Protein chains: 2
Amino acid sequence: MNIMGRIVQKRTLETRARLVAEAEKLIDRNGFEALRVEDVVRAAGVAKGTFFAHFRDKDALMDRLIGARLDTILDAMDLETGIRDIRDLVARMGPMLTFMTCERYVFDVILRYSGAAAQEDIGPIATTFARQIDVFASWIEHGPFRRDVPVAILAEGVQAFAVQVMALRFCALHAAQGLHAPLETYLAAWLLPPQPSARSSRNTAP
Amino acid sequence: MNIMGRIVQKRTLETRARLVAEAEKLIDRNGFEALRVEDVVRAAGVAKGTFFAHFRDKDALMDRLIGARLDTILDAMDLETGIRDIRDLVARMGPMLTFMTCERYVFDVILRYSGAAAQEDIGPIATTFARQIDVFASWIEHGPFRRDVPVAILAEGVQAFAVQVMALRFCALHAAQGLHAPLETYLAAWLLPPQPSARSSRNTAP
DNA sequence: AGGATAAAATGACCACGGTCAATACAAAAT
DNA sequence: ATTTTGTATTGACCGTGGTCATTTTATCCT
(Lines give C-alpha, C1' and ligand atoms only; values in the text may rest on other atoms or scores of the structure.)
Protein backbone atom coordinates (compact mmCIF):
# COMPACT_ATOMS: atom_id res chain seq x y z
CA MET A 1 0.00 0.00 0.00
CA ASN A 2 1.19 3.42 -0.90
CA ILE A 3 -0.38 6.67 0.20
CA MET A 4 1.19 10.01 -0.60
CA GLY A 5 4.61 8.60 -1.40
CA ARG A 6 4.86 6.90 1.96
CA ILE A 7 4.52 3.15 2.12
CA VAL A 8 1.83 2.04 4.56
CA GLN A 9 1.83 -1.53 5.77
CA LYS A 10 -1.37 -3.50 6.19
CA ARG A 11 -0.42 -3.94 9.82
CA THR A 12 -0.73 -0.20 10.34
CA LEU A 13 -4.31 -0.07 9.23
CA GLU A 14 -5.20 -3.04 11.38
CA THR A 15 -3.65 -1.51 14.46
CA ARG A 16 -5.34 1.81 13.90
CA ALA A 17 -8.68 0.12 13.34
CA ARG A 18 -8.25 -1.82 16.56
CA LEU A 19 -7.43 1.33 18.50
CA VAL A 20 -10.51 3.06 17.16
CA ALA A 21 -12.75 0.06 17.75
CA GLU A 22 -11.63 -0.41 21.33
CA ALA A 23 -11.98 3.29 22.01
CA GLU A 24 -15.54 3.18 20.73
CA LYS A 25 -16.33 0.28 22.98
CA LEU A 26 -14.94 2.02 26.02
CA ILE A 27 -16.84 5.19 25.20
CA ASP A 28 -20.08 3.32 24.76
CA ARG A 29 -19.54 1.87 28.19
CA ASN A 30 -18.22 4.86 30.15
CA GLY A 31 -18.72 7.99 28.06
CA PHE A 32 -16.21 10.23 26.33
CA GLU A 33 -14.84 12.04 29.33
CA ALA A 34 -13.74 8.87 31.08
CA LEU A 35 -11.67 7.63 28.15
CA ARG A 36 -8.02 7.00 29.05
CA VAL A 37 -5.34 6.41 26.48
CA GLU A 38 -3.85 3.69 28.65
CA ASP A 39 -7.14 1.81 28.65
CA VAL A 40 -7.38 2.02 24.90
CA VAL A 41 -3.90 0.67 24.27
CA ARG A 42 -4.35 -2.09 26.82
CA ALA A 43 -7.61 -3.14 25.18
CA ALA A 44 -5.99 -3.00 21.76
CA GLY A 45 -2.96 -4.94 22.96
CA VAL A 46 -0.34 -2.41 21.93
CA ALA A 47 2.13 -0.17 23.72
CA LYS A 48 1.38 3.39 24.63
CA GLY A 49 3.80 4.85 22.14
CA THR A 50 1.94 3.11 19.36
CA PHE A 51 -1.13 5.19 20.07
CA PHE A 52 0.77 8.37 19.44
CA ALA A 53 2.23 7.00 16.25
CA HIS A 54 -1.33 6.83 14.96
CA PHE A 55 -2.85 9.96 16.51
CA ARG A 56 -1.10 13.25 17.17
CA ASP A 57 -2.66 13.34 20.61
CA LYS A 58 -5.69 12.14 22.51
CA ASP A 59 -7.75 15.00 21.12
CA ALA A 60 -7.05 13.86 17.58
CA LEU A 61 -8.76 10.57 18.37
CA MET A 62 -11.65 12.44 19.96
CA ASP A 63 -11.89 14.67 16.92
CA ARG A 64 -12.24 11.60 14.78
CA LEU A 65 -14.73 9.75 16.97
CA ILE A 66 -16.91 12.73 17.71
CA GLY A 67 -16.68 13.85 14.10
CA ALA A 68 -17.93 10.45 12.98
CA ARG A 69 -20.99 10.70 15.20
CA LEU A 70 -21.73 14.21 14.05
CA ASP A 71 -21.49 12.99 10.50
CA THR A 72 -24.02 10.26 11.12
CA ILE A 73 -26.41 12.77 12.62
CA LEU A 74 -25.93 15.03 9.62
CA ASP A 75 -26.69 12.15 7.29
CA ALA A 76 -30.10 11.91 8.88
CA MET A 77 -30.60 15.66 8.86
CA ASP A 78 -29.75 15.73 5.19
CA LEU A 79 -32.85 13.69 4.44
CA GLU A 80 -35.21 16.07 6.21
CA THR A 81 -37.20 18.33 3.93
CA GLY A 82 -40.20 20.60 4.02
CA ILE A 83 -39.41 22.83 6.96
CA ARG A 84 -42.63 24.74 7.60
CA ASP A 85 -41.58 27.11 10.37
CA ILE A 86 -39.07 27.90 13.08
CA ARG A 87 -40.38 25.27 15.44
CA ASP A 88 -39.95 22.71 12.73
CA LEU A 89 -36.44 23.83 12.06
CA VAL A 90 -35.40 23.65 15.68
CA ALA A 91 -37.05 20.28 16.09
CA ARG A 92 -34.96 18.86 13.28
CA MET A 93 -31.82 20.18 14.86
CA GLY A 94 -32.77 18.18 17.92
CA PRO A 95 -30.50 15.15 17.54
CA MET A 96 -27.53 17.41 16.90
CA LEU A 97 -28.26 19.53 19.97
CA THR A 98 -28.77 16.44 22.06
CA PHE A 99 -25.47 14.89 21.09
CA MET A 100 -23.49 18.10 21.40
CA THR A 101 -24.74 18.56 24.93
CA CYS A 102 -24.56 14.95 26.00
CA GLU A 103 -21.40 15.69 27.96
CA ARG A 104 -19.75 18.91 28.93
CA TYR A 105 -16.46 17.45 27.75
CA VAL A 106 -17.88 16.63 24.33
CA PHE A 107 -19.19 20.14 23.88
CA ASP A 108 -15.81 21.59 24.80
CA VAL A 109 -13.97 19.38 22.35
CA ILE A 110 -16.39 20.27 19.59
CA LEU A 111 -16.01 23.97 20.20
CA ARG A 112 -12.25 23.72 20.32
CA TYR A 113 -12.11 21.88 17.01
CA SER A 114 -15.00 23.50 15.18
CA GLY A 115 -12.69 26.03 13.61
CA ALA A 116 -9.61 25.00 11.70
CA ALA A 117 -6.76 24.83 14.18
CA ALA A 118 -4.06 25.75 11.71
CA GLN A 119 -4.68 26.65 8.11
CA GLU A 120 -5.80 23.63 6.17
CA ASP A 121 -5.37 20.94 8.75
CA ILE A 122 -9.12 20.94 8.94
CA GLY A 123 -10.22 17.95 10.98
CA PRO A 124 -13.39 15.83 11.13
CA ILE A 125 -15.30 18.11 13.50
CA ALA A 126 -14.44 21.22 11.52
CA THR A 127 -15.61 19.41 8.40
CA THR A 128 -18.95 18.58 9.94
CA PHE A 129 -19.35 22.20 10.95
CA ALA A 130 -18.99 23.24 7.36
CA ARG A 131 -21.43 20.55 6.35
CA GLN A 132 -23.86 21.72 9.00
CA ILE A 133 -23.91 25.12 7.33
CA ASP A 134 -24.81 23.49 4.04
CA VAL A 135 -27.66 21.55 5.59
CA PHE A 136 -29.06 24.61 7.29
CA ALA A 137 -28.72 26.57 4.09
CA SER A 138 -30.74 24.08 2.09
CA TRP A 139 -33.40 23.94 4.78
CA ILE A 140 -33.67 27.70 4.84
CA GLU A 141 -33.66 27.99 1.10
CA HIS A 142 -36.76 25.84 0.79
CA GLY A 143 -38.54 27.28 3.78
CA PRO A 144 -40.68 30.33 4.46
CA PHE A 145 -37.84 32.54 5.53
CA ARG A 146 -36.44 35.96 4.75
CA ARG A 147 -34.73 36.49 1.42
CA ASP A 148 -33.03 39.83 1.96
CA VAL A 149 -29.88 38.17 3.29
CA PRO A 150 -27.85 35.48 1.54
CA VAL A 151 -28.82 31.98 2.61
CA ALA A 152 -25.24 31.15 3.57
CA ILE A 153 -25.17 34.00 6.04
CA LEU A 154 -28.48 32.96 7.50
CA ALA A 155 -27.21 29.42 7.91
CA GLU A 156 -24.07 30.56 9.70
CA GLY A 157 -26.26 32.60 11.97
CA VAL A 158 -28.32 29.56 12.87
CA GLN A 159 -25.14 27.80 13.86
CA ALA A 160 -24.00 30.77 15.90
CA PHE A 161 -27.26 30.93 17.81
CA ALA A 162 -27.27 27.22 18.44
CA VAL A 163 -23.81 27.40 19.95
CA GLN A 164 -24.78 30.43 21.99
CA VAL A 165 -27.79 28.68 23.46
CA MET A 166 -25.85 25.55 24.28
CA ALA A 167 -22.95 27.42 25.81
CA LEU A 168 -24.97 29.76 27.98
CA ARG A 169 -27.54 27.33 29.27
CA PHE A 170 -25.48 24.22 29.49
CA CYS A 171 -26.39 23.26 32.98
CA ALA A 172 -29.38 25.47 33.57
CA LEU A 173 -31.68 23.02 31.87
CA HIS A 174 -29.51 20.11 31.02
CA ALA A 175 -32.06 18.28 28.94
CA ALA A 176 -31.70 19.37 25.35
CA GLN A 177 -35.40 20.14 25.35
CA GLY A 178 -34.75 23.23 27.41
CA LEU A 179 -32.68 24.56 24.55
CA HIS A 180 -35.48 24.60 22.03
CA ALA A 181 -37.49 27.48 23.40
CA PRO A 182 -34.66 30.03 23.58
CA LEU A 183 -33.31 28.90 20.25
CA GLU A 184 -36.70 29.40 18.66
CA THR A 185 -36.79 32.93 20.01
CA TYR A 186 -33.47 33.78 18.41
CA LEU A 187 -34.26 32.15 15.13
CA ALA A 188 -37.61 33.83 14.84
CA ALA A 189 -35.82 37.16 15.02
CA TRP A 190 -33.09 36.02 12.69
CA LEU A 191 -34.93 34.11 9.99
CA LEU A 192 -38.42 35.44 9.67
CA PRO A 193 -39.38 38.10 7.17
CA PRO A 194 -39.22 41.19 9.30
CA GLN A 195 -42.16 43.29 10.26
CA PRO A 196 -41.05 46.82 9.48
CA SER A 197 -40.72 48.83 12.63
CA ALA A 198 -42.37 52.17 13.28
CA ARG A 199 -39.33 54.33 12.65
CA SER A 200 -38.39 53.26 9.14
CA SER A 201 -34.78 54.27 8.78
CA ARG A 202 -33.28 53.03 5.54
CA ASN A 203 -29.83 51.95 6.57
CA THR A 204 -27.84 49.64 4.38
CA ALA A 205 -25.05 47.23 5.03
CA PRO A 206 -21.71 49.05 4.96
CA MET B 1 -11.49 38.57 59.45
CA ASN B 2 -14.61 36.61 59.04
CA ILE B 3 -16.23 35.68 55.77
CA MET B 4 -19.27 33.44 55.58
CA GLY B 5 -18.81 32.07 59.08
CA ARG B 6 -15.28 30.97 58.33
CA ILE B 7 -12.41 32.80 59.95
CA VAL B 8 -9.85 33.98 57.42
CA GLN B 9 -6.40 34.93 58.60
CA LYS B 10 -4.57 37.93 57.27
CA ARG B 11 -1.83 35.57 56.16
CA THR B 12 -4.26 33.93 53.75
CA LEU B 13 -5.01 37.11 51.90
CA GLU B 14 -1.33 37.96 51.65
CA THR B 15 -0.47 34.58 50.21
CA ARG B 16 -3.29 34.70 47.70
CA ALA B 17 -2.32 38.19 46.64
CA ARG B 18 1.25 37.06 46.15
CA LEU B 19 0.17 34.10 44.01
CA VAL B 20 -1.96 36.34 41.83
CA ALA B 21 0.73 39.00 41.53
CA GLU B 22 3.43 36.53 40.55
CA ALA B 23 1.13 34.84 38.07
CA GLU B 24 0.42 38.20 36.46
CA LYS B 25 4.12 38.88 36.16
CA LEU B 26 4.78 35.54 34.53
CA ILE B 27 1.91 36.01 32.12
CA ASP B 28 3.10 39.46 31.14
CA ARG B 29 6.44 37.91 30.34
CA ASN B 30 5.46 34.63 28.65
CA GLY B 31 1.76 34.74 27.88
CA PHE B 32 -1.14 32.79 29.37
CA GLU B 33 -0.53 29.47 27.74
CA ALA B 34 2.98 29.12 29.11
CA LEU B 35 1.93 29.61 32.72
CA ARG B 36 2.89 26.71 34.97
CA VAL B 37 1.59 26.28 38.48
CA GLU B 38 5.04 25.23 39.63
CA ASP B 39 6.51 28.48 38.38
CA VAL B 40 3.87 30.50 40.18
CA VAL B 41 4.41 28.82 43.54
CA ARG B 42 8.18 29.03 43.21
CA ALA B 43 7.95 32.75 42.48
CA ALA B 44 5.54 33.24 45.35
CA GLY B 45 7.73 31.20 47.69
CA VAL B 46 5.09 28.69 48.74
CA ALA B 47 4.53 24.98 48.29
CA LYS B 48 2.48 23.55 45.49
CA GLY B 49 -0.30 22.41 47.75
CA THR B 50 -0.81 25.95 48.91
CA PHE B 51 -1.83 26.98 45.42
CA PHE B 52 -4.66 24.49 45.43
CA ALA B 53 -5.78 25.61 48.85
CA HIS B 54 -6.43 29.00 47.27
CA PHE B 55 -7.72 27.98 43.82
CA ARG B 56 -9.77 24.94 42.97
CA ASP B 57 -7.53 24.30 39.99
CA LYS B 58 -5.32 26.11 37.53
CA ASP B 59 -8.33 27.11 35.48
CA ALA B 60 -9.85 28.88 38.46
CA LEU B 61 -6.82 31.18 38.53
CA MET B 62 -7.12 31.69 34.78
CA ASP B 63 -10.79 32.46 35.17
CA ARG B 64 -9.90 35.14 37.66
CA LEU B 65 -7.01 36.68 35.73
CA ILE B 66 -8.71 36.64 32.36
CA GLY B 67 -11.95 37.81 33.93
CA ALA B 68 -10.13 40.78 35.41
CA ARG B 69 -8.77 41.82 32.04
CA LEU B 70 -12.15 41.44 30.38
CA ASP B 71 -13.60 43.59 33.10
CA THR B 72 -11.09 46.34 32.46
CA ILE B 73 -11.92 46.28 28.78
CA LEU B 74 -15.61 46.46 29.58
CA ASP B 75 -15.00 49.46 31.81
CA ALA B 76 -13.69 51.29 28.79
CA MET B 77 -16.50 50.05 26.56
CA ASP B 78 -19.01 51.27 29.09
CA LEU B 79 -17.91 54.82 28.46
CA GLU B 80 -18.45 54.65 24.71
CA THR B 81 -21.61 56.32 23.47
CA GLY B 82 -23.17 57.54 20.27
CA ILE B 83 -22.90 54.48 18.06
CA ARG B 84 -23.84 55.71 14.58
CA ASP B 85 -23.77 52.49 12.59
CA ILE B 86 -22.59 48.92 12.38
CA ARG B 87 -19.03 49.81 11.56
CA ASP B 88 -18.96 51.99 14.63
CA LEU B 89 -20.31 49.23 16.77
CA VAL B 90 -17.79 46.69 15.59
CA ALA B 91 -14.96 49.18 15.96
CA ARG B 92 -15.82 49.68 19.62
CA MET B 93 -15.85 45.96 20.18
CA GLY B 94 -12.28 45.97 18.89
CA PRO B 95 -10.33 45.79 22.15
CA MET B 96 -12.50 42.93 23.34
CA LEU B 97 -12.02 40.99 20.11
CA THR B 98 -8.31 41.63 20.19
CA PHE B 99 -7.89 40.34 23.69
CA MET B 100 -10.12 37.33 23.24
CA THR B 101 -8.09 36.25 20.24
CA CYS B 102 -4.67 37.14 21.61
CA GLU B 103 -4.00 33.48 22.26
CA ARG B 104 -5.81 30.36 21.20
CA TYR B 105 -5.57 29.16 24.79
CA VAL B 106 -7.21 32.30 26.13
CA PHE B 107 -10.11 31.98 23.72
CA ASP B 108 -10.65 28.38 24.73
CA VAL B 109 -10.67 29.19 28.42
CA ILE B 110 -13.10 32.03 27.86
CA LEU B 111 -15.48 29.84 25.92
CA ARG B 112 -15.28 27.10 28.49
CA TYR B 113 -16.12 29.45 31.32
CA SER B 114 -18.47 31.84 29.58
CA GLY B 115 -21.48 29.83 30.69
CA ALA B 116 -22.06 28.96 34.30
CA ALA B 117 -20.34 25.66 34.93
CA ALA B 118 -22.71 24.50 37.63
CA GLN B 119 -25.75 26.40 38.74
CA GLU B 120 -24.75 29.55 40.54
CA ASP B 121 -21.03 29.06 40.81
CA ILE B 122 -20.83 31.75 38.19
CA GLY B 123 -17.22 32.83 37.86
CA PRO B 124 -15.47 36.02 36.74
CA ILE B 125 -15.56 35.25 33.02
CA ALA B 126 -19.22 34.29 33.08
CA THR B 127 -19.91 37.52 34.93
CA THR B 128 -18.20 39.58 32.27
CA PHE B 129 -20.23 37.81 29.62
CA ALA B 130 -23.42 38.90 31.30
CA ARG B 131 -22.00 42.40 31.59
CA GLN B 132 -21.06 42.36 27.92
CA ILE B 133 -24.70 41.77 27.07
CA ASP B 134 -25.67 44.82 29.08
CA VAL B 135 -23.12 46.98 27.31
CA PHE B 136 -24.24 45.83 23.89
CA ALA B 137 -27.85 46.37 24.87
CA SER B 138 -27.27 49.95 25.88
CA TRP B 139 -25.32 50.64 22.70
CA ILE B 140 -28.07 49.18 20.59
CA GLU B 141 -30.79 50.96 22.49
CA HIS B 142 -29.32 54.34 21.67
CA GLY B 143 -28.36 53.52 18.12
CA PRO B 144 -30.12 53.45 14.76
CA PHE B 145 -31.13 49.82 14.96
CA ARG B 146 -34.22 47.71 14.59
CA ARG B 147 -36.88 47.89 17.26
CA ASP B 148 -39.05 44.92 16.42
CA VAL B 149 -36.99 42.62 18.63
CA PRO B 150 -36.19 43.17 22.31
CA VAL B 151 -32.87 44.85 22.87
CA ALA B 152 -31.69 42.07 25.15
CA ILE B 153 -32.16 39.51 22.40
CA LEU B 154 -30.33 41.69 19.94
CA ALA B 155 -27.46 42.07 22.37
CA GLU B 156 -27.18 38.34 22.91
CA GLY B 157 -27.13 37.90 19.17
CA VAL B 158 -24.23 40.31 18.85
CA GLN B 159 -22.32 38.19 21.32
CA ALA B 160 -23.19 35.02 19.47
CA PHE B 161 -21.97 36.43 16.17
CA ALA B 162 -18.79 37.71 17.71
CA VAL B 163 -17.99 34.29 19.11
CA GLN B 164 -18.88 32.66 15.80
CA VAL B 165 -16.52 34.90 13.89
CA MET B 166 -13.69 34.41 16.32
CA ALA B 167 -14.13 30.65 16.46
CA LEU B 168 -14.36 30.04 12.74
CA ARG B 169 -11.64 32.36 11.57
CA PHE B 170 -9.22 32.04 14.38
CA CYS B 171 -6.17 31.34 12.37
CA ALA B 172 -7.36 32.33 8.94
CA LEU B 173 -6.57 35.96 9.58
CA HIS B 174 -5.03 36.05 12.95
CA ALA B 175 -4.99 39.79 13.30
CA ALA B 176 -8.21 40.87 14.95
CA GLN B 177 -8.72 43.30 12.09
CA GLY B 178 -9.66 40.41 9.84
CA LEU B 179 -12.61 39.75 12.11
CA HIS B 180 -14.24 43.11 11.60
CA ALA B 181 -15.43 42.66 8.04
CA PRO B 182 -17.28 39.36 8.55
CA LEU B 183 -18.69 40.55 11.83
CA GLU B 184 -20.02 43.66 10.18
CA THR B 185 -21.77 41.51 7.60
CA TYR B 186 -23.55 39.48 10.25
CA LEU B 187 -24.50 42.44 12.34
CA ALA B 188 -25.88 44.36 9.39
CA ALA B 189 -28.28 41.50 8.80
CA TRP B 190 -29.04 41.16 12.48
CA LEU B 191 -29.38 44.71 13.68
CA LEU B 192 -30.52 46.89 10.84
CA PRO B 193 -34.13 47.72 10.18
CA PRO B 194 -35.02 45.17 7.56
CA GLN B 195 -35.84 45.94 3.99
CA PRO B 196 -39.00 43.95 3.30
CA SER B 197 -38.34 41.24 0.76
CA ALA B 198 -40.29 40.69 -2.44
CA ARG B 199 -42.39 37.79 -1.24
CA SER B 200 -44.05 39.31 1.83
CA SER B 201 -45.06 36.35 3.91
CA ARG B 202 -46.46 37.38 7.25
CA ASN B 203 -45.06 34.82 9.58
CA THR B 204 -44.91 35.45 13.28
CA ALA B 205 -42.78 34.04 16.04
CA PRO B 206 -44.27 30.74 17.22
C1' DA C 1 18.24 -17.58 1.04
C1' DG C 2 20.54 -13.63 3.26
C1' DG C 3 21.44 -9.03 3.91
C1' DA C 4 19.90 -3.97 3.42
C1' DT C 5 16.50 -0.50 4.31
C1' DA C 6 12.65 1.59 5.89
C1' DA C 7 8.29 1.33 8.70
C1' DA C 8 6.14 0.11 13.01
C1' DA C 9 6.05 -0.94 17.74
C1' DT C 10 8.02 -0.69 22.33
C1' DG C 11 8.32 0.85 27.16
C1' DA C 12 11.10 3.49 30.21
C1' DC C 13 10.87 8.11 30.96
C1' DC C 14 9.27 13.02 31.49
C1' DA C 15 6.04 17.13 32.43
C1' DC C 16 2.62 18.90 34.80
C1' DG C 17 -1.83 19.28 37.15
C1' DG C 18 -3.73 17.78 41.21
C1' DT C 19 -4.20 15.11 46.17
C1' DC C 20 -3.76 14.37 51.06
C1' DA C 21 -1.97 12.96 55.55
C1' DA C 22 1.06 15.27 58.32
C1' DT C 23 2.82 19.51 60.26
C1' DA C 24 3.27 24.43 61.55
C1' DC C 25 0.99 28.23 62.93
C1' DA C 26 -2.53 31.71 64.77
C1' DA C 27 -6.24 32.74 67.74
C1' DA C 28 -9.29 31.70 71.49
C1' DA C 29 -10.22 29.46 75.90
C1' DT C 30 -8.44 28.05 80.35
C1' DA D 1 1.46 30.36 80.24
C1' DT D 2 -0.63 26.48 78.67
C1' DT D 3 -3.92 23.97 76.38
C1' DT D 4 -7.29 23.66 72.85
C1' DT D 5 -9.19 24.37 68.42
C1' DG D 6 -9.26 25.17 63.94
C1' DT D 7 -6.78 27.36 59.84
C1' DA D 8 -2.84 27.51 56.62
C1' DT D 9 1.06 25.26 54.68
C1' DT D 10 3.88 21.55 53.28
C1' DG D 11 5.97 18.23 50.05
C1' DA D 12 6.02 13.47 48.84
C1' DC D 13 3.07 11.17 45.92
C1' DC D 14 -0.19 9.99 42.07
C1' DG D 15 -2.63 9.92 37.37
C1' DT D 16 -2.39 10.72 32.87
C1' DG D 17 -0.96 12.67 28.47
C1' DG D 18 2.97 12.72 25.70
C1' DT D 19 8.22 11.71 24.02
C1' DC D 20 12.01 9.21 22.00
C1' DA D 21 16.03 6.15 21.61
C1' DT D 22 15.92 1.41 20.87
C1' DT D 23 14.18 -2.90 19.10
C1' DT D 24 11.18 -5.65 16.21
C1' DT D 25 9.08 -6.58 11.90
C1' DA D 26 7.92 -6.09 7.05
C1' DT D 27 9.45 -5.27 2.38
C1' DC D 28 12.82 -4.81 -1.18
C1' DC D 29 17.19 -6.04 -3.49
C1' DT D 30 20.92 -9.11 -5.22
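Just so we're clear, the structure is a prediction, and the values are computed from it rather than from any experiment. Side chains included, hydrogens not; waters and symmetry mates left out as well; all remaining heavy atoms used. Lettering follows sequence order; numbering is per chain, from 1.
Using a 4.0 Å cut-off between charged side-chain N and carboxylate O, B:Arg147 and B:Glu141 make no salt bridge. The residues B:Glu24 and B:Arg29 are annotated as not salt-bridged, no charged nitrogen and carboxylate oxygen being separated by less than 4.0 angstrom. Under the 4.0 Å criterion applied to side-chain N and carboxylate O atoms, B:Lys25 and B:Asp28 are not assigned as salt-bridge partners.
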Just the atom pairs and distances: protein N or O near nucleotides 2-6 of chain C's N or O, under 3.5 Å.
none

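Atom pair B:Leu13:CG and C:dA26:C1' shows a separation of 14 Å (rounding to whole Å applied). The CZ atom of A:Phe51 sits 14 Å away from the P atom of C:dT10 (whole-angstrom rounding). The CE atom of B:Met62 sits 12 Å away from the C1' atom of C:dG17 (whole-angstrom rounding). Separating the CZ atom of A:Arg16 from the C1' atom of C:dA9 is a distance of 13 Å, rounded to the nearest angstrom. In this structure, CD of A:Glu14 is placed 10 Å from P of D:dA26, rounded to the nearest angstrom. Whole-Å rounding puts the A:His54 NE2 to D:dT19 P distance at 15 Å. Protein atom CZ of B:Arg56 is 10 Å distant from nucleotide atom P of C:dT19, rounded to whole Å. One interatomic measurement links the two molecules: CG of B:Asp57 to P of D:dC14, which rounds to 22 Å at whole-angstrom precision.
Using a 4.5 Å heavy-atom cutoff, the side chains of B:Trp190 and B:Val158 are in contact. Between B:Phe136 and B:Met93 there is a side-chain heavy-atom pair separated by less than 4.5 Å.
Here A:Asp63 contributes atom CG and A:Ile125 contributes atom CD1; the two are 4.5 Å apart, rounded to the nearest 0.5 Å. Interatomic distance, B:Arg64 CZ to B:Asp71 CG, rounded to the nearest 0.5 Å: 12.0 Å.
A:Arg42 places no side-chain N or O within 3.5 Å of a backbone atom of A:Lys48 that could act as its donor or acceptor partner.
A close approach under 4.0 Å does not occur between any side-chain nitrogen or oxygen of A:Thr15 and OP1 or OP2 of C:dA8.
Side-chain polar atoms of A:Gln159 and A:Gln132 form a donor-acceptor pair below 3.5 angstrom.
For A:Lys48, the listed nucleotide lying nearest its side chain is D:dG18; candidates were D:dT10, D:dG18, D:dA8.
Taking a 4.0 Å limit (strictly below) on heavy-atom distances, residues 19-46 of chain B reaches DNA chain C at B:Leu35, B:Arg36, B:Val37.
Using a 4.0 Å heavy-atom distance criterion, B:Lys58 is classed as a sugar-phosphate-only contact. Contact annotation for B:Thr50: base contact, defined as any heavy-atom pair under 4.0 Å involving a base atom.
Taking the nucleotide of DNA chain C with the nearest heavy atom to each of B:Arg11 and B:Phe52, the more 5' of the two is matched to B:Phe52.
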